[in-house]
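What follows is a single structure, written as C-alpha cells, with notes after it.
Hydrogens, waters and symmetry mates are skipped; everything else that's a heavy atom, side chains included, is used. Counting starts at 1 for both ligands and their atoms, following the listed order.
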Amino acid sequence: MKTHVRVLVIGGGVVGVSTLYHLTKKGWADVALIERTELTAGSTWHAAGLLPLFNMNYTVGQLHKYSVDLYKRLPAETGQDVSFHVTGNLRLATCRERMDEYQKYCGTANTIGVPFEVIGPARVKELWPLIELGGSADTPAIIGALYHPHDGHIAPADLTMALRKGARNAGAEIYEHTEALAFERVASGEWRVRTGKGDIRAEHLVLATGNYARQTGRLLGLNVPAIPVEHQYIVYDESAELKAYRQGGGRELAVMREPDKSYYLREERMGWILGPYERGAPARFADGVPDWFGRSLFPGDLDRLVPHVEAATRRVPALEHCGIKDIVNGPIPYAPDGSPLIGPAWGLRNVWINEGHSFGITAAGGAGWQLAEWIVEGEPGIDMLGVDPRRFGAYTSKRYLVQKNEETYRNVFTLHFPDEERPDARPAKTSPVYDRLDASGAVWGQRYGWERANWFAPPGVERRDRWSFRRSNYFEHVGNEARLTRERVAVIDLTPFTKHEVTGPKAEAWLDGLVANKVPSKTGRLALCHALTRRGGIRSEFTITKIDAGHYYVVSAGAAERYDSDYLFKSLPADGLVTLRNITNTRGCFVLAGPRSREVLAQLTDTPLDNASFPWLTAQVIEAGLAVDVYALRVNFVGALGWELHFPIEYAHHLFDALFAAGKAHGIGMVGMRAMESLRLEKSYRMWGSDMTPDYTPFEASLDRFVRMNKGYFIGREALEKQLAAGVPNRFVTLEVHGVTDADPLGNEPLFEPGGRMIGRATSGYYGHCLRKSLAIGYARAEYAQPGTQLTIEILGERKQATVLRESPYDPDNLDLRT
Ligand SMILES: Cc1cc2nc3c(=O)[nH]c(=O)nc-3n(C[C@H](O)[C@H](O)[C@H](O)COP(=O)(O)OP(=O)(O)OC[C@H]3O[C@@H](n4cnc5c(N)ncnc54)[C@H](O)[C@@H]3O)c2cc1C
C-alpha cells in the first residue's frame with residue numbers, strides 16, 4: 001500500500017470510484033481509494049440502475065447529462081460492459097399541473113441541451129403497448145407524457161468496475177478492506193489518514209462514504225447534512241404478457257414513471273422492477289451505520305408498498321399475473337433538498353465532499369467529473385451552486401435532517417411547483433419579529449433554515465398559498481405590497497442577510513484583492529462588490545461599507561452564509577493583520593423603503609437625512625429611537641428611496657414598533673419576498689445564485705461599472721482581460737414578455753432569435769406589478785442584447801414575443817433613489 005498520495009478517496013461506491021477515475025482523466029495518477037469492505041458494498045450494489053435525465057435543478061441536470069454520455073462511452077474505453085439499456089424514459093401525466101411541470105422542465109432541458117419529447121396519449125400507447133390509458137377515478141386518464149429517448153438503465157456494479165478499470169489503467173490504486181479510522185492534519189498541511197492497514201498521507205481527501213457520510217464527517221469535526229432513508233423496490237417473476245410482447249418483436253419498454261402515483265416500473269429479465277417513493281419511509285442511521293449492517297438490507301415493508309402496487313397493476317394489468325420474487329429495501333443517502341453535496345468542505349483545507357447522493361448511479365459520472373476539475377484546477381467548470389455542500393449551514397441538526405430527508409423522499413414524485421414551500425422541520429430559525437409579522441398575516445416561506453414572509457394576507461384573506469406554475473391566489477396581494485413600496489413606505493425584514501465584520505490595518509487591501517470593484521476608502525462610503533472565480537465568473541456579491549478606519553461591514557445573501565464565510569475565512573492572510581468575524585446572528589436588518597421613508601426615519605433619529613447630509617450610496621452609524629449603533633445604509637434591493645437599517649439584534653422589537661408607530665400616518669406596511677422579487681426585476685437588479693453565478697463574468701452580467709480593471713490585482717482579473725480581448729460572448733438582458741395571460745417567466749426559460757435559434761436563457765422572471773409588465777432577466781448572445789431587439793421566450797411550452805428593454809425599466813435614471 002502506498003503511504004503517500006496526492007488525493008485519497010474514502011469510499012468505494014460508484015461515486016468514489018468515479019471521482020478516482022476522473023482525477024486520472026485530469027492527469028493526476030498519484031491517487032488512491034480506500035474501501036472499508038469491498039467496492040460497491042454500500043448502496044451501489046442494490047441500486048435499481050435507473051438513469052433519469054429528468055431533473056429540475058440546473059446543475060444536477062448537467063451532471064446527469066454528462067453521466068449518461070460517459071456511460072455510453074465507457075465500455076469501448078475500458079473493455080468492461082456496463083449493461084446500459086438505452087430504453088428511454090417515459091413520465092406520465094394525468095393532470096394539467098403535471099404537464100406544466102414537464103413544460104417548465106423543458107425550459108431547463110433546452111438550456112442545457114438534453115433532448116426530450118412531449119407526447120400525447122396515442123404515442124404513449126405506441127411506445128408502451130402494455131399500458132392502460134385509463135379514464136376512471138382510480139386510474140386517471142393519461143393526458144400526455146415526457147419522453148427522454150436517450151437514457152435507460154445500467155448495471156451499477158458493472159459501471160463501478162468499468163470506472164475502476166479506467167482509473168487503474170491510468171495508474172490509480174484501490175485498496176479494499178481498508179477503513180479510514182481517523183484523520184489528522186500534519187505540519188506540512190497534508191492529511192494523515194489512519195487506516196486498519198497503516199497510515200496514508202494525502203494532499204487532498206475526498207469523502208465519498210455514502211450512508212457513512214455523517215460518521216466520516218464527524219471524524220473531521222464536520223456535520224455533513226446527509227442521512228439515508230429506506231428505499232424499496234419489488235422484483236417480479238417473469239410476465240407472460242411481457243414475454244409474448246418481446247418474443248413478438250417488441251423492443252424493451254422504456255422505464256415508465258407514473259409520478260401522480262409515485263412509482264416507477266422497468267423491465268428485468270422478462271419480469272419487472274417496481275419502485276415506489278412511499279409515504280412513511282423512515283430515515284436510518286442518524287447516529288451512524290451500526291457494525292452489523294454491512295452489505296445487508298432491511299426487511300421489506302409491504303404495507304408501504306401496497307398502494308403503489310395497486311396503482312401500477314391498474315395501469316399495467318400484466319403485473320397482476322406476476323409473482324413477487326424479491327423485495328429490496330436498502331438505505332439511500334439523502335440531503336435535505338434531495339440534491340447531492342459536491343464540493344469543498346467548509347472550514348477545512350483540501351477536504352472535498354461527494355456525499356448525499358440519492359440518484360448516485362445517475363449522478364456519479366458528473367459528480368466525479370466536476371469534483372476532479374475542482375480539485376485539480378481549483379474551480380469547477382460549471383456552476384455548481386446547486387450542489388455545493390455549503391448551501392446548508394450549521395442549522396442542519398440531526399432532527400432537522402431526519403424530518404427534511406423523510407419529507408424530501410416522500411415528495412420525489414409529487415409536483416414541484418416553483419412557489420412550493422415544504423412544511424416539515426419548521427419554523428426553525430426565526431427573526432426576533434417573527435411573531436409580529438405572523439400577527440400581520442405573514443404567509444411563510446423558508447430559505448437556509450430561516451422563516452421569511454413571502455407575502456401578507458390582508459384580514460379576511462386565506463393565509464395560504466395555492467402553489468402553481470401560473471399566477472395564483474396571492475398575485476393581487478403581492479401587487480398591493482409592491483405598489484405600497486413605490487407609493488408610500490414599506491418595511492421588509494431582511495434579518496437573514498449574511499454579515500461579516502472585517503477589521504485591522506490590512507482590511508481594505510485584503511478586501512480589495514478579493515473583489516472586482518474598488519473597496520471604499522472613505523468612511524461612510526459603500527460599494528457593491530463582486531468576488532470572482534479565477535475564470536472570471538461571479539462567485540459572490542458583497543455590499544461593503546466602510547464603518548471606520550480599518551473597519552468594514554460586509555453584507556451578502558442570506559443563503560450564502562456558509563458559502564461566503566468559508567471563502568472569506570480561507571482567503572485570510574496568514575500575517576494576522578486582518579480579523580474577520582461572522583456577525584450574521586448579532587445584527588438584524590429592516591429595509592425601510594418608499595417615498596415616505598425619509599419622513600418616517602426622521603422621527604426616530606436626529607441624524608439629518610437630506611440628500612446633502614446623507615446621500616444615496618452612503619452609510620452612517622446612527623441612533624434610531626432608543627437603539628444605538630444602527631448602521632444605516634442608503635441602498636436597497638427594491639429601487640426606492642430608503643435605508644437598510646442594520647441594528648444590534650436586541651433592538652429588533654423596539655425598532656420595529658418604533659418604525660410602525662412613526663409610519664402609521666404615512667400608511668406604512670409590511671412587504672414580503674414576492675413583492676421584493678417583482679420590484680427588483682423592475683429595476684433589473686441581479687440576484688446572487690440565479691442571475692449572478694460562476695457561469696457568467698461581470699461583463700456578461702453587464703456589471704461593467706462595478707469592475708475596476710485599472711485598480712491593480714484582484715482574483716479573476718486575468719480572465720476578464722482575456723475575455724475583453726476576445727470579445728464578451730453574452731450580455732445581460734431585461735425583457736418585456738408580451739401576450740402573457742397567466743404564466744409569467746420564472747427563470748430557466750430558453751430565449752430564441754426570430755429565426756428560432758436558441759441564443760440565451762432567462763435566469764429570473766416575474767410580473768412587474770407597478771409597470772404592469774411581465775418581465776424576465778437573463779443572458780443573450782451579445783448581438784441580441786441591444787434594447788429594442790425582438791426575441792421569443794418559451795414559457796410552459798408556449799413561445800412568447802419578448803422585447804429587450806433598456807436596463808431598469810422602472811426609473812432608469814434612479815431618480816427615486818436620489819430624491
Ligand atoms: C433500493 C435502492 C434503489 C436505488 N436505485 C437507484 C437508481 O435506480 N438510480 C440511481 O441513480 N440511484 C439509485 N439508488 C441510489 C444509489 O444506490 C446511491 O445513490 C449510490 O449507490 C450512492 O453511491 P455512493 O458511492 O455515494 O455510496 P455507497 O455505494 O454507499 O458507497 C460508499 C462506500 O464507502 C465505504 N466507506 C464508508 N466509510 C468508509 C471509511 N471510513 N473508510 C473506507 N470506506 C468507507 C462504504 O463501505 C461504501 O462502500 C438506489 C438506492 C437504493 C437503496
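Here's the thing with Pro333: none of its N/O atoms is less than 3.5 angstrom from an N/O atom of ligand 1.
Annotation: atom 44 (N) of ligand 1 to nearest protein heavy atom, Arg36 N, 3.0 Å. If you check which protein heavy atom lies closest to atom 48 (C) of ligand 1, you get Glu35 OE1, 3.4 Å. For atom 27 (O) of ligand 1, the nearest non-hydrogen atom of the protein is Gly210 CA, 3.5 Å.
Contacts with ligand 1 closer than 4.0 Å are made by backbone heavy atoms (N, CA, C, O) of Pro331 only, the side chain lying farther away. At a heavy-atom cutoff of 4.0 Å, ligand 1 is contacted by both the backbone and the side chain of Ile361. The proximity of Pro156 to ligand 1, defined as any non-hydrogen pair under 4.0 Å, does not occur for either the backbone or the side chain. Under 4.0 Å from ligand 1, not a single heavy atom of Val17 appears. Contacts of Ala363 with ligand 1, taken as heavy-atom pairs under 4.0 Å, are absent altogether.
Assignment of Leu219 to the shell around ligand 1 is not supported, since no heavy atom sits closer than 4.0 Å.
Looking at every heavy atom in both residues, Leu33 comes nearest to Gly12 through CD2-CA, 3.7 Å.
Checking Arg214 against Asn223 by side-chain atom types alone, a donor-acceptor pair falls below 3.5 Å.
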Identify each donor-acceptor pair in which a side-chain atom of residues 363-372 lies under 3.5 Å from a protein atom, sequence neighbours left out, and give them as a table.
from	atom 1	to	atom 2	distance (Å)
Gln370	OE1	Gly381	N	2.7
Gln370	OE1	Ile382	N	3.2

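In this structure, the side-chain hydrogen bond (donor to acceptor under 3.5 Å, both in side chains) partners of His231, at least two apart in sequence or on a different chain, are Tyr409.
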